[in-house]
There are 2 protein chains.
Amino acid sequence: MPRPSRHSDMPSPDTAGPGSDGLDRGMLPGLVGYALRRAQVAVFQDFAREMAAMRVPVTPGEFGILVLVSRNPGLSQTALARAIGVDRSTLVPILDRLERHGLIKRHPSPTDRRSHALELGAAGMALLPLYEAAVRRHERRIQRRLRAGEGGALIAALDLLLDGATSR
Amino acid sequence: MPRPSRHSDMPSPDTAGPGSDGLDRGMLPGLVGYALRRAQVAVFQDFAREMAAMRVPVTPGEFGILVLVSRNPGLSQTALARAIGVDRSTLVPILDRLERHGLIKRHPSPTDRRSHALELGAAGMALLPLYEAAVRRHERRIQRRLRAGEGGALIAALDLLLDGATSR
DNA sequence: TATTGTTATACTCTATAACTATA
DNA sequence: TATAGTTATAGAGTATAACAATA
C-alpha cells in the first residue's frame with residue numbers, strides 16, 4: 001500500500017490540486033469520493049484511447065462481458081446481466097452489437113428453450129487476446145506513477161472501500 | 001482464448017471475488033480499472049443514501065458545485081463549468097435546479113453584463129454545513145474497512161493514477 | 001404461475017450547434 | 001469578431017412494464 005502518511009486524520013485542505021486553475025476547492029481534495037470520481041473519468045478516457053487502435057473498439061463494460069463469456073461458456077443472458085449489475089433488458093442491445101461484430105454468439109440452450117447459451121464468436125476468439133494485451137498496456141500506463149507493487153495495494157484498498165460502502 | 005501470461009505480471013487471477021456468484025472473472029479482479037469502477041458505483045450509492053435524509057438531497061457533482069461557489073464567490077458559469085469539466089450548456093439546468101431550491105443565486109456581474117456572478121443562496125448558506133457534515137459521515141463510513149491513515153494514502157494513489165492516465 | 005429474452009418507452013446525463021445580448 | 005448564458009436537439013446509458021414462448 002501507499003506511504004503511511006504520518007498525518008493524524010483529516011487530510012490537508014490542499015491549496016491547489018494538480019492541473020489546478022487557482023480556484024479554492026475547500027474540502028474536496030481531501031475526499032476519497034472526489035479523488036475516486038476524477039480518477040475514474042481519466043482512467044475511462046485512457047481505456048478508450050487504447051481501444052481506439054483496435055479493429056472493433058469495446059468499452060470497459062463490453063470487455064468485461066467478453067471475459068465473462070469466455071471463462072463461463074454457456075452463460076445465460078439473465079445470469080450475465082446479474083453478474084455485471086444491469087437489468088437483463090439493458091443487456092439486449094449490448095449483446096446485439098457484440099454479436100453483430102462476431103464477438104459473441106447466442107446459441108440455443110440445450111436444456112431450456114427460452115434461454116440463450118452465450119459463447120465467444122469467431123471474431124471474439126481472435127480478438128480477445130488482443131483486447132487483453134491492450135488492457136494490460138492500459139493498466140501499465142495508468143499505474144506508471146505508482147511504485148512497484150502499489151497497484152495491488154490500490155486494488156485491495158478499493159475492494160475494502162467497496163465493502164465499506166456496500167455492507168449494512 | 002485466455003492465454004497463460006508468461007510474464008511475471010498482474011496480481012493473482014482470484015478464484016472468487018467478494019460477494020461472488022461462482023463465475024470465473026479471469027483477469028478482471030487483477031485490474032485497477034475494474035476495482036475502480038466497482039468502488040465508484042458503490043460509493044455513489046452510499047453518497048445518495050446519506051443524502052436521502054436531507055431536506056434537499058444533492059448529487060456528488062452538485063455538492064462539488066456548492067463548495068466551489070462558496071469558496072469562490074462571484075465565479076462565472078463558464079469558469080465553473082471549466083472547473084468541473086462539463087460544457088457550459090450542461091451547467092445551465094443544474095444551476096436552474098440549485099437556484100430553484102435557493103442553494104445558489106445568479107447575481108449580475110458588476111463588470112460584465114453578459115456574465116453571472118454565482119453566490120450561495122440563503123438555503124445554500126444554511127444547508128452547506130449540513131451537507132459537509134453528511135459528506136464527512138459518508139467518508140467515514142466508506143473508509144471504515146481501511147486502517148487509520150490509509151484513506152490519505154488511497155487519495156494520494158488515486159491522484160497518481162489520474163496523473164498517469166492523463167499526462168501525455 | 002414463474003422465468004427468458006425482447007420490445008416499447010421514458011428518464012438522466014451529456015454534448016454540439018445556433019441564438020441573444022453583450023463585449 | 002469574440003464571449004456568456006441560453007435553448008433546441010440528439011445520443012448514450014439506464015430502468016420499468018408488458019409481451020410471447022417456454023418452463
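Labels below follow one simple rule: chain letters A, B, ... track the order of the sequence lines, proteins then strands, and each chain is numbered from 1. Just the heavy atoms: all of them, side chains too, but no hydrogens, waters or symmetry mates, feed the values below.
- A heavy atom closer than 4.0 Å to some atom of DNA chain C occurs in A:Q77, A:T78, A:R88, these being the qualifying members of residues 77-88 of chain A.
- Expressed to the nearest 0.5 Å, how far CZ of B:R25 lies from CD1 of A:I84 amounts to 10.0 Å.
- Every residue meeting the side chain to side chain contact (heavy atoms under 4.5 Å, CB included) condition with A:A42, not counting sequence neighbours, appears here in chain and number order: B:L162, B:A165, B:T166.
- Using a 4.0 Å heavy-atom cutoff across all strands shown, B:T90 reaches at least one base atom of the nucleic acid.
- Hydrophobic clustering (side-chain heavy atoms under 4.5 Å, transitive across Ile, Leu, Val, Met, Phe, Trp, Tyr) groups A:M27 together with B:M51.
- For residues 114-127 of chain B, the set of pairs meeting the salt bridge (Lys or Arg N to Asp or Glu O under 4.0 Å) definition, not counting sequence neighbours, comprises B:D112-B:R114.
- One interatomic measurement links the two molecules: NE2 of A:H116 to P of C:dT3, which rounds to 19 Å at whole-angstrom precision.
- For the salt bridge (Lys or Arg N to Asp or Glu O under 4.0 Å) test, residues two or more places apart in sequence or in another chain that qualify with A:R137 are A:E50.
- Counting 5' to 3', DNA chain D first comes under 4.0 angstrom of a heavy atom of chain A and last does so at the ends given by D:dA15 to D:dA23.
- Judged as a side chain to side chain contact (heavy atoms under 4.5 Å, CB included), and not counting sequence neighbours, the contacts of B:V41 are B:Q45.
- In this view, B:L95 and B:I65, B:Q77, B:L80, B:L91, B:L98, B:I104, B:R106, B:L118 satisfy the side chain to side chain contact (heavy atoms under 4.5 Å, CB included) rule, not counting sequence neighbours.
- Under the salt bridge (Lys or Arg N to Asp or Glu O under 4.0 Å) criterion, no residue pair touches residues 79-89 of chain A, with sequence neighbours excluded.
- By the side chain to side chain contact (heavy atoms under 4.5 Å, CB included) test, B:T59 pairs with B:E62, sequence neighbours left out.
- Straight-line distance from the CG atom of A:L75 to the C1' atom of C:dG5: 14 Å, rounded to whole Å.
- Not counting sequence neighbours, B:Y131 has no partner by the side-chain hydrogen bond (donor to acceptor under 3.5 Å, both in side chains) test.
- Within the nucleic acid shown, B:S115 comes within 4.0 Å of sugar-phosphate atoms alone, with no base atom in reach, counting heavy atoms only.
- Using a 4.0 Å cutoff on non-hydrogen atoms, the parts of residues 96-114 of chain B near DNA chain C are B:D112, B:R113, B:R114, ordered by number.
- Remark on the helix from C:dT1-D:dA23 to C:dA23-D:dT1: inter-end axis angle 10°, axes from five-pair C1' superpositions, rounded to 10°.
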